Protein chains: 2
Amino acid sequence: MKYIEKLRNSGLRPTKQRLQICEVLFNTERTFHFTINELEQKIKDKIDNKISLATIYNTVHAFEKKGYLKQIPVNSNQTYFDTNITDHHHFYNLKDGNLIDLENSDVGPINIKKKINGKKIKSIEVLVKLED
Amino acid sequence: MKYIEKLRNSGLRPTKQRLQICEVLFNTERTFHFTINELEQKIKDKIDNKISLATIYNTVHAFEKKGYLKQIPVNSNQTYFDTNITDHHHFYNLKDGNLIDLENSDVGPINIKKKINGKKIKSIEVLVKLED
DNA sequence: CAGCTATTTAGAACCATTATAAACTGCAAA
DNA sequence: TTTGCAGTTTATAATGGTTCTAAATAGCTG
């Protein structure tokens with residue numbers, strides 16, 4: 001299994017559940033956005049055994065902490081995650097809450113001129129809200 | 001009262017509660033960021049009568065819909081609002097969750113090259129996450 | 001002033017997320 | 001292999017921000 005090493009290298013035990021969640025999250029043609037509920041549904045569809053909701057939350061947070069997932073800063077009642085961990089941005093369709101990737105190359109270079117004392121920039125994320 | 005007209009022009013009845021919330025939100029030297037809980041506390045400190053939490057939620061949402069407040073897209077368990085409704089951006093201090101304004105002039109012009117069919121850009125918001 | 005609709009209110013309901021604590025499991029050491 | 005233990009999983013309860021409800025109240029227009 002190709003995810004065993006990945007997990008072990010991060011100090012995460014390659015449990016059956018984590019490996020199955022890896023399959024759902026990372027063994028795909030394309031990256032995608034999801035909420036925990038959407039992921040839960042995807043997991044139900046793809047695997048036979050049940051993974052408890054608590055484990056899904058735990059795993060997603062563990063993966064996010066290790067940098068295998070990113071949280072998308074959007075105001076919604078649910079938290080959105082992204083399996084695309086490259087530097088990039090998002091369109092946010094206000095009508096239906098849909099998110100669309102916006103590659104770095106589709107946004108001019110962003111130069112933050114203001115500095116904050118003693119702080120480093122960890123990420124720069126652009127959210128482009130869309131309306132009709 | 002200077003807020004009566006503002007409210008009436010928006011189709012909102014200038015009730016005692018709304019006018020008092022206007023005072024707290026807009027009669028200030030500087031704009032500021034807040035969560036509903038923080039606003040509730042501020043209101044308690046500044047006025048004698050009680051305003052119910054439901055009214056605070058209703059009013060904040062009404063003001064946001066009318067464009068007198070902006071929601072700040074940040075992942076937090078609470079929703080952040082901003083009384084600064086000009087086009088601008090934010091630093092987000094990951095350590096303590098603090099938000100700092102980042103004026104448009106402190107960010108180079110942002111040119112979104114990708115177009116989405118049939119959609120208009122409503123806003124472009126940059127979130128700069130800070131770490132130590 | 002009358003009557004109508006918008007608004008306020010306390011409290012209940014909702015629901016995403018987190019906490020709990022008991023059962024289970026991967027794994028290293030013997 | 002077996003043992004022991006820390007790391008995980010699990011069902012369920014708890015939490016807490018937000019929204020809903022329905023009754024009381026308050027602007028506003030005629």
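Below, chain A is the first sequence line, B the second, and so on; all start at residue 1. We use all heavy atoms of the structure for the numbers below, so side chains are in, but hydrogens, waters and symmetry mates are not. Note that the structure is a prediction, hence the values are computed from the model and not measured.
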Mind calculating the distance between CD1 (A/Ile21) and C1' (D/dT9) to the nearest angstrom?
10 Å

B/Lys122, NZ: over 12 other non-hydrogen atoms inside 6.0 angstrom
no

Figure out the CD/P separation between B/Gln20 and D/dG27, and round it to whole Å.
11 Å

side-chain N/O B/His61 vs D/dT18 OP1/OP2, d < 4.0 Å:
no

Distance in angstrom units between A/Phe34 CZ and C/dA16 C1', rounded
15 Å

Kindly say if A/Thr15 contacts the phosphate of D/dG7, meaning a side-chain N or O under 4.0 Å from OP1 or OP2.
no

Nearest-Å distance for atom pair CG/C1', residues B/Leu53 and D/dT18:
8 Å

Under 4.0 Å, heavy atoms only, any strand: does A/Thr55 hit a base, just the sugar-phosphate, or nothing?
base

For A/Leu19 and D/dT9, give me the distance from atom CG to atom P, rounded to whole Å.
10 Å

Can A/His33 and A/Asn84 be counted as having a side-chain donor-acceptor contact under 3.5 angstrom?
no

Of the candidate nucleotides C/dA16, C/dT8, D/dC28, which contains the atom at the shortest distance from the side chain of B/Thr59?
C/dT8

Rounding to a whole Å, what distance do you find between A/Ile43:CD1 and D/dT10:P?
10 Å

NZ or CZ of A/Lys6 within 45° of A/Tyr68 ring axis and under 6.0 Å:
yes

Below the 4.0 Å mark, does C/dA10 have OP1 or OP2 next to a side-chain nitrogen or oxygen of B/Lys50?
yes

Please work out which of the three classes, parallel, tilted or perpendicular, describes the rings of A/Phe26 and A/Phe63, given edges at 30° and 60°.
tilted

Closest-nucleotide mapping onto DNA chain C: is A/Arg8 or A/Tyr80 further toward the 5' terminus? I mean the 5' end.
A/Tyr80

Base, sugar-phosphate, or nothing: which does A/Thr79 touch, judged by heavy atoms less than 4.0 Å apart?
sugar-phosphate

Measuring to OP1 and OP2 of D/dA26, would you say a side-chain N or O of B/Gln17 lies under 4.0 angstrom away?
no

Scan side-chain atoms only and decide if A/Ser123 and A/Glu125 contain a donor-acceptor pair under the 3.5 Å cut-off.
yes

Rounded to the Å, how far apart are A/Asn49 CG and D/dT10 P?
8 Å

Short side-chain N/O contact to C/dT18 OP1/OP2 from A/Tyr57, under 4.0 Å
no

Using a heavy-atom cut-off of under 4.0 Å over every strand shown, decide if B/Asn58 touches base, sugar-phosphate, or nothing.
base

Closest-nucleotide mapping onto DNA chain D: is B/Asn77 or B/Arg13 further toward the 5' terminus? I mean the 5' end.
B/Asn77

Rounded interatomic separation in angstrom, taking CD1 from B/Ile56 and P from C/dT8
11 Å

